[in-house]
Structure formats: structure tokens, C-alpha cells
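Data block below; observations after.
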Amino acid sequence: MNQHGSHASNRGMTDHAGAAAPGVIQSWRTTLIPTAREAPAEAESPSHVLLLRAGFIRKLGAGIYDYLPLAWRVLSKICRIVRQEMDSAGAAELLLPVLLPTELYAGTRRDLDYGDLLFKVTDRKGAVAALGPTHEEPMTELVKAAVTSYKQLPLNLYQIQTKFRDEARPRSGLLRCREFLMKDAYTFHLAVEGPGGLNEAYDAMHRAYVNIFRRCRLDFTVVEAESGPIGGSASHEFMVNCASGEDTILKCPVSGYAANVEKCEIGERPRGTFAEPATGDLMEVHTPNLPGIEEVGKFMGVKPARMLKTIVFRSAADVMWVLAVVRGDQEVNEGKVKAATGFPVVLADEREARAAGFSIGYVSPRMIRTVPASMLLIDPDASLGGFWASGADKPDYHVKHFNWRRDVGDLLDDPRRVRVTDIRNAVAGDPSPRAAGISLETGRGIEVGHIFKLGTKYSDAMGFSVLDEKQHKRAVIMGCYGLGVSRTMAACVEMSHDANGIVWPAPIAPYHVVITMMKPEAPEHTAAVRTLAEALSDAGIDVLIDDRDERPGVKFKDADLIGIPIRLTVGDKALAEGSVEFKLRTDPGKGESVPLAEAARRCLAAL
RNA sequence: CGGGGCGUAGCGCAGCUUGGUAGCGCGUCUGGUUCGGGACCAGAAGGUCGGAGGUUCAAAUCCUCUCGCCCCGACCA
């Protein structure tokens with residue numbers, strides 16, 4: 001198998017180096033393709049509507065779907081590409097149980113972290129098992145027991161399996177469901193750097209993912225990401241670019257830097273000197289029963305961009321309060337707050353914060369003066385001079401004309417207590433962190449892959465270490481690599497469809513060619529179609545023959561709806577001159593006449 | 001988990017306010033006429049009105065409880 005999947009896609013049907021495997025020939029009448037003119041009212045997003053209408057999926061319950069033959073063919077093709085790229089990147093496939101005894105989580109306590117997201121089942125003895133949402137624990141358990149020497153590392157193991165998550169709110173069909181098909185891989189190493197190290201495997205997986213999504217012909221962006229609750233040190237997300245995507249991503253159009261909202265850095269911004277004069281005397285305003293910044297601003301006649309939002313965090317370890325101040329129209333980024341303080345923080349518990357004197361909902365930066373164990377993080381935008389409104393540090397009151405120097409005082413000059421630094425989410429228009437004078441742009445994306453450098457989080461928690469060549473005990477270093485197979489299918493539809501239906505890229509289309517028979521009952525047509533289909537199959541092309549006794553219009557509409565890349569129409573007119581009509585799904589009109597003998601070559605060239 | 005909405009034929013919906021024979025379109029089946037972009041005519045089949053309880057002579061309709069599903073938000077690989 002060649003290493004360069006993206007090249008193999010040029011011959012979409014080429015399976016192994018050289019010989020093309022014969023394509024399938026199936027007839028519409030003998031497979032199950034229940035197309036519908038209308039979709040159920042509950043479907044809204046394009047992929048959901050089209051996959052339902054085109055007969056790919058059926059709903060069995062909230063977030064639970066049947067995969068009908070067309071869908072299964074697409075999923076199988078995606079899986080084949082995934083396997084080829086994973087295998088050539090040095091990974092080995094296996095299959096772990098779906099049913100995971102909860103004792104497995106004793107070390108990592110992730111059953112608690114997952115909470116209600118974890119599906120649980122109870123067996124006849126009362127023992128509780130989880131339906132696997134991911135497989136860090138069983139995989140680590142397996143490798144821990146089987147690997148007894150550092151000489152057996154590194155390892156790269158993966159599986160393709162149905163995963164379960166009891167989503168609070170399943171939505172958009174296959175894009176967020178409770179049961180989904182996913183590839184997950186895990187790597188195990190003695191070191192981060194060097195041959196056999198985590199970084200080497202991570203880079204190889206990164207390349208494999210790029211190859212996979214390229215071969216699927218998806219339009220995607222690789223973004224830097226926070227590693228999130230799964231833990232670890234570095235992470236990338238693979239996002240299909242699509243206006244209807246759930247996630248916002250930020251890109252620098254010049255440097256190529258891309259990141260998700262949680263992670264995105266912001267370039268140098270102007271900041272205040274704290275010497276700016278006050279705009280007026282501090283003025284209290286009674287603002288009762290106003291739930292948010294928007295409402296308070298409207299009530300006081302102040303734009304959110306001129307208000308200071310002070311969020312109270314607490315260090316996880318000891319009692320140190322961290323006040324994060326951003327502009328009212330911007331959002332505090334918890335990860336950046338952690339990075340700025342240098343220690344883990346959590347959003348303060350409301351009751352505790354109140355007990356410490358904070359009027360939650362009405363906190364101002366002035367609290368740094370009255371709470372000794374506290375520090376103030378100020379976002380550059382919030383540090384500027386000019387008019388500010390802020391909380392008044394007592395319930396139901398805000399103040400106008402807040403001034404940094406006058407109201408906070410000399411503590412501003414103490415770098416141990418007060419720091420001006422980036423602590424908010426990036427938005428479109430912010431300066432790029434990688435190119436001076438360039439603004440970040442935003443786009444929407446659907447996350448189809450996510451890779452993490454886990455480090456020793458799981459091996460520490462589960463006691464997985466080996467002796468190295470110097471007989472030193474070393475915690476095993478891990479990486480994990482997820483790829484949503486069923487979500488990839490849906491994301492592809494989301495990205496690639498038109499008013500008539502789905503438009504599949506050839507490499508993952510359920511069939512490459514649909515032969516639309518005008519007269520399925522006519523023997524000469526049947527004979528011609530048989531010859532044609534066999535020629536296509538010999539060329540490695542998957543063929544669906546629409547042999548239904550339907551009117552032409554119905555067949556054309558259905559062919560467009562299910563999105564087969566090429567349609568060959570066999571009818572009296574073309575057949576009389578020994579031809580078929582050749583039409584790409586993306587072409588308008590009726591297509592062009594191609595001699596029967598040429599058809600296979602023509603199709604192959606177009607895929 | 002908060003807010004909103006919906007469950008009536010395979011799908012889309014009306015009927016509910018004001019209780020009284022359960023309807024329409026698409027699809028399906030039969031016959032006929034058609035046949036290159038979701039045909040036409042005639043006929044037919046198909047419904048525990050999500051479920052349970054209650055009120056009533058009588059409940060799809062009113063009341064109570066319950067289950068399921070969708071959307072917005074919170075959350076989220």
C-alpha cells in the first residue's frame with residue numbers, strides 16, 4: 001500500500017497498488033433506498049434533511065439512527081480510507097468491548113467527570129457498566145497488562161467502533177447523536193522527543209488525518225485546540241469548513257495560524273497606562289432585577305463595550321481569589337486565566353464568594369483592595385482609559401465613571417497583585433498573533449477529528465509504568481486520536497449539497513455511477529446496461545442500476561437526491577447511435593452523448 | 001437542566017377555541033391512459049388521534065398525570 005493517500009484518491013477506486021478491485025453492480029430494486037419528497041418536520045439541518053430524504057438514515061430514537069445501505073456504503077468507504085492511512089502510519093487495528101465495567105474508572109474517575117453523559121447499564125448481578133464513550137481506560141488497561149518492557153514501546157493501536165454518549169441535547173441528525181461511529185487510536189511511548197517518542201507519533205497521526213480528510217475531499221482546517229477535559233498538553237482539531245458548523249474557528253489569513261475560540265491567541269493590543277483622567281465623579285445607579293450586562297447597559301444607557309465585566313475565580317488548591325476583568329461585550333477565557341495566574345483556577349462557588357465579600361453579579365475591580373488574598377487580571381481592552389461602568393460591589397447597584405487609578409489605586413503598580421494580559425476569547429478583527437497588522441478572521445466548522453498529546457495523565461492514574469534501559473521507572477506517555485466517522489459523513493453532506501440533493505465526492509460516494517434506465521423492461525436496453533455495467537465494474541467503478549419501473553422524472557430527481565457523482569442515462573435516442581448520456585452530478589442540463597465503449601474510460605477520468 | 005413548541009394513516013398537515021359519523025395532500029395498491037426532470041383519470045387499502053386516569057349520555061377536542069420528540073439556551077468528542 002502506498003503511503004500517500006492523497007495521491008491514491010486520483011484513482012478513486014484503486015484499492016491496492018496496481019490492480020483495481022472490481023466495482024460492485026447493484027440494482028435499485030434489490031437494495032433499500034426509501035427516498036421521500038418531504039423530510040420529517042423534526043429535521044432542520046441540511047445533512048439531516050437530505051440523509052433522511054435520500055434514504056440513507058432513519059431515526060429510531062432521539063440521537064439514534066439506522067444506517068441504511070447507502071449510508072453504510074459511505075461509512076464503509078470512509079472506514080477503508082481511515083484504515084489505509086492508519087495502517088500505513090504504523091497503527092494496528094483491534095476491537096475493544098463496548099461494555100466497560102465502571103471499576104475501570106477507579107483510577108481516572110472519569111466516570112464522574114463524564115457524569116450523565118455516560119450511558120450506564122446494570123447487569124443481573126447489579127454490576128454497573130458504561131457503554132464506552134471513548135476507550136482510554138480499557139486501552140491503557142490492556143497495554144499495561146501486555147507490555148512488560150520498554151522494548152515493546154512505542155505502540156499505536158486503534159479501533160473503529162460505535163460509541164455512546166447520552167448527550168443532553170442530541171441534534172442535527174448525525175452531527176450530534178447519542179450513538180455514533182468513531183475511530184479512536186492511542187499511542188504509548190517512553191519519551192516525548194526523539195525516535196519512537198510521542199511527538200513523532202503525534203506528527204504521523206496529524207499527517208494521516210490530513211491524508212484521510214483530503215482523500216474524502218473535504219474542505220477542512222486544522223486548528224490548535226485546548227485539550228479540554230480529556231487532559232494533556234497539546235491538541236489539534238480537524239474542522240470541516242461549513243457555514244452551518246457548530247464551532248467558531250479563527251484564522252490568520254497571512255500566516256496560516258488557525259485555532260478554536262478557546263485556544264486562539266491574540267496579537268499585541270494597545271493597553272492603558274492607568275494614568276488616564278476620570279471622566280466624572282463615581283455615580284451609583286440602582287439597577288435591580290436585571291439579569292445580564294445587556295439589560296444593565298440598556299437600563300443605564302451604557303453600551304456593553306463601555307462596561308467592565310469582573311468574573312471571580314478561585315485557585316483550586318488554596319484560597320486565592322482571581323478577579324478577571326474584561327469588557328462587557330467580550331468573554332473571559334478560563335484557559336487564559338489559568339495560564340496567566342500560573343495555577344489552576346475554577347469559577348468561584350457563588351456561596352463561597354459571597355461569604356468572602358463579593359457581591360456576585362455586581363463585582364468591580366475595586367474588590368482587590370478589600371480582599372487581601374486576591375489578584376486582578378485585566379484584559380488590555382479593559383485597561384484603557386475613558387468612560388467605564390462597573391458593578392458597585394453591592395447588590396442591585398452599578399457605578400458610572402469608574403476610573404482605574406482613582407478607584408483601584410497604587411495596587412495597580414504591584415505586579416504580584418495586578419496584571420494586564422490577554423484573558424478573553426478572540427473575535428474576528430482581533431490582531432493576529434503571528435502576523436503584525438493583520439486581523440483574524442472567523443469561520444464556522446464541524447469538528448470531525450481531534451488529536452491530543454495526553455502525556456502521563458492516564459498512565460499515572462492507572463499505574464502504568466515500565467523500566468527503561470537504565471532501570472529507571474518511567475510513566476508511559478500517551479497520545480489519543482479520535483475521528484468521527486459518522487459525523488464525517490454528515491459533515492460532508494453539510495458542506496456539499498445543492499437544491500436538488502447531496503453531492504458526494506467520488507471517493508466516499510455510495511456508488512460512483514448510477515445508470516438510469518429509461519426502459520428497464522426492454523431487452524435491448526437490459527443487455528446494453530449489463531455490458532456497460534460490467535465494463536464499469538472492471539474499471540473498479542461501483543455501479544447502481546436504476547431499473548425501477550418509474551417515470552424518468554422520478555429517477556432523475558432521485559439520482560440527484562442521493563448524490564451519485566455520475567449519471568449514465570440509457571434510452572432509445574442515445575442507444576440508437578450506440579451511446580449513453582453522460583452527466584456529472586454537478587453539471588446542469590442533460591449531459592453529453594458518449595459511445596458505449598468509451599463510457600467506462602470517460603467515467604474513470606471524471607472521478 | 002431552564003425556556004418554548006409538537007405528538008391525528010408511511011411522510012407533511014387540518015380538525016381541538018365552541019365535545020356529537022376522523023379529514024386533506026403526498027406516498028402505497030388495482031385498472032386504464034401516459035412515458036426524457038417528482039403525469040392524469042377512476043377506484044381501494046391504511047388510524048389504539050402518544051399512553052393512563054378523570055369529567056360527560058358522549059372526548060382527538062375539556063381536566064390531571066405520564067411518556068416521547070423538536071427548537072433556543074446551558075453543556076458538549
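We name chains A, B, ... by the order of the sequence lines, and we start the count at 1 in each one.
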Sidechain N-carboxylate O distance under 4.0 Å for D546(A), R567(A) = no

Salt bridge flag under 4.0 Å for residues E550(A) and K557(A) = no

message = Under 4.0 Å between a side-chain nitrogen and a carboxylate oxygen: does that hold for E38(A) and R53(A)?
response = no

message = Say we look at G43(B) and U48(B): how far apart would their P atoms be, to the nearest angstrom?
response = 26 Å

task = Tell which nucleotide pairs with G19(B), taking only Watson-Crick or G-U wobble pairs whose two distances are both under 3.5 angstrom.
result = none

note = As its Watson-Crick or G-U partner within any shown strand, both distances under 3.5 Å, G68(B) has C6(B)

query = Say you pick atom P in C69(B) and the same atom in C26(B); how far apart are they, in whole Å?
reply = 31 Å

key: C62(B) versus U17(B) - spacing of their P atoms, nearest Å   = 5 Å

task = Name the orientation class of the two ring planes belonging to Y202(A) and Y481(A) (parallel below 30°, tilted from 30 to 60°, perpendicular beyond 60°).
result = tilted

key: salt_bridge(R327(A), D329(A)) N-O dist < 4.0 Å   = yes

Any L347(A) side-chain heavy atom under 4.5 Å of I311(A) side chain = yes

request  = Report the base-pairing partner of A45(B) (Watson-Crick or G-U wobble, both distances below 3.5 angstrom), or none.
outcome  = none

task = Using the P atom on both, measure U30(B) against C13(B) and round to a whole Å.
result = 29 Å

request  = Classify the nucleic acid contact of E44(A) as base, sugar-phosphate or nothing, counting any heavy atom under 4.0 Å across all strands shown.
outcome  = sugar-phosphate

message = By the 4.0 Å heavy-atom rule, please label L483(A) as base, sugar-phosphate, or nothing.
response = nothing

message = Looking at C24(B), which nucleotide sits across from it as a Watson-Crick or G-U wobble partner, both distances under 3.5 angstrom, or is there none?
response = G12(B)

message = Closest approach to the side chain of R171(A), judged atom by atom: which nucleotide of C70(B), A74(B), C76(B) is it?
response = A74(B)

inquiry  = Taking the P atom in each of C11(B) and G20(B), what is the distance between them to the nearest angstrom?
reply    = 26 Å

ask   = L347(A) has an atom CG; how far is it from atom C1' of C75(B), in whole Å?
value = 14 Å

Under 3.5 Å, N/O pairs linking protein and nucleotides 12-16 of chain B:
from: G12(B); atom 1: OP1; to: A41(A); atom 2: N; distance (Å): 2.7
from: G12(B); atom 1: O2'; to: E38(A); atom 2: OE2; distance (Å): 3.4

task = With P as the reference atom in both, quote the distance from G12(B) to C71(B) in angstrom, rounded to an integer.
result = 14 Å

task = Whole angstrom is fine here: how far is it from NE2 in H48(A) over to C1' in C69(B)?
result = 11 Å

inquiry  = What's the gap between G47(B) and G7(B) when it is taken at their C1' atoms, as a whole Å value?
reply    = 14 Å

key: Of R176(A) and S172(A), the one whose closest RNA chain B nucleotide lies more 5'   = S172(A)

inquiry  = I need the CG-P distance between L52(A) and C69(B), as an integer number of Å.
reply    = 15 Å

message = Without decimals, in angstroms, what is the distance between K59(A) NZ and C11(B) P?
response = 11 Å

ask   = Could you state the CE-P distance from M182(A) to C76(B), rounded to the nearest angstrom?
value = 17 Å

key: Derivation and outcome, salt bridge (Lys or Arg N to Asp or Glu O under 4.0 Å), residues R110(A) and E137(A)   = CA-CA 9 Å; R110(A) 270 209 312 162; E137(A) 287 86 356; 2.7 Å; yes

query = For U33(B), which nucleotide is its Watson-Crick or G-U wobble mate, given both distances must be under 3.5 Å?
reply = A39(B)

task = Please give the nucleotide sitting opposite U61(B) as a Watson-Crick or G-U wobble pair, both distances under 3.5 Å, or none.
result = none

Verdict with reasoning, K59(A) to E42(A), per salt bridge (Lys or Arg N to Asp or Glu O under 4.0 Å) = CA-CA 10 Å; K59(A) 189 176 78 171; E42(A) 64 200 31; 2.7 Å; yes

request  = Give the rounded distance in Å between these two atoms: NE2 of H450(A) and P of C76(B).
outcome  = 13 Å

ask   = Looking across every strand, which nucleic acid part, if any, lies under 4.0 Å from E246(A) by heavy atom: base, sugar-phosphate, or nothing?
value = nothing

task = Could you tell me the separation between the CD atom of E262(A) and the C1' atom of C76(B), rounded to a whole number of Å?
result = 11 Å

remark   = Letter by letter from the 5' end, nucleotides 33-39 of chain B scores (B base, S sugar-phosphate only, - none; protein heavy atoms under 4.0 Å) -BSBBBB

ask   = Can you check the D549(A) CG to U28(B) P distance for me, whole Å?
value = 11 Å

message = Over 60° means perpendicular and under 30° means parallel, so tell me whether H236(A) and H206(A) are parallel, tilted or perpendicular.
response = perpendicular

request  = Starting from the C-alpha separation in whole Å, work towards a yes-or-no answer on side chain to side chain donor-acceptor pair (under 3.5 Å) for T456(A) and S459(A).
outcome  = CA-CA 5 Å; T456(A) 58; S459(A) 39; 4.9 Å; no

query = In whole Å, what separates the C1' atom of G2(B) from that of G38(B)?
reply = 44 Å

query = Can you check whether R585(A)'s main-chain N or O pairs, donor with acceptor, with D560(A)'s side chain at less than 3.5 Å?
reply = no

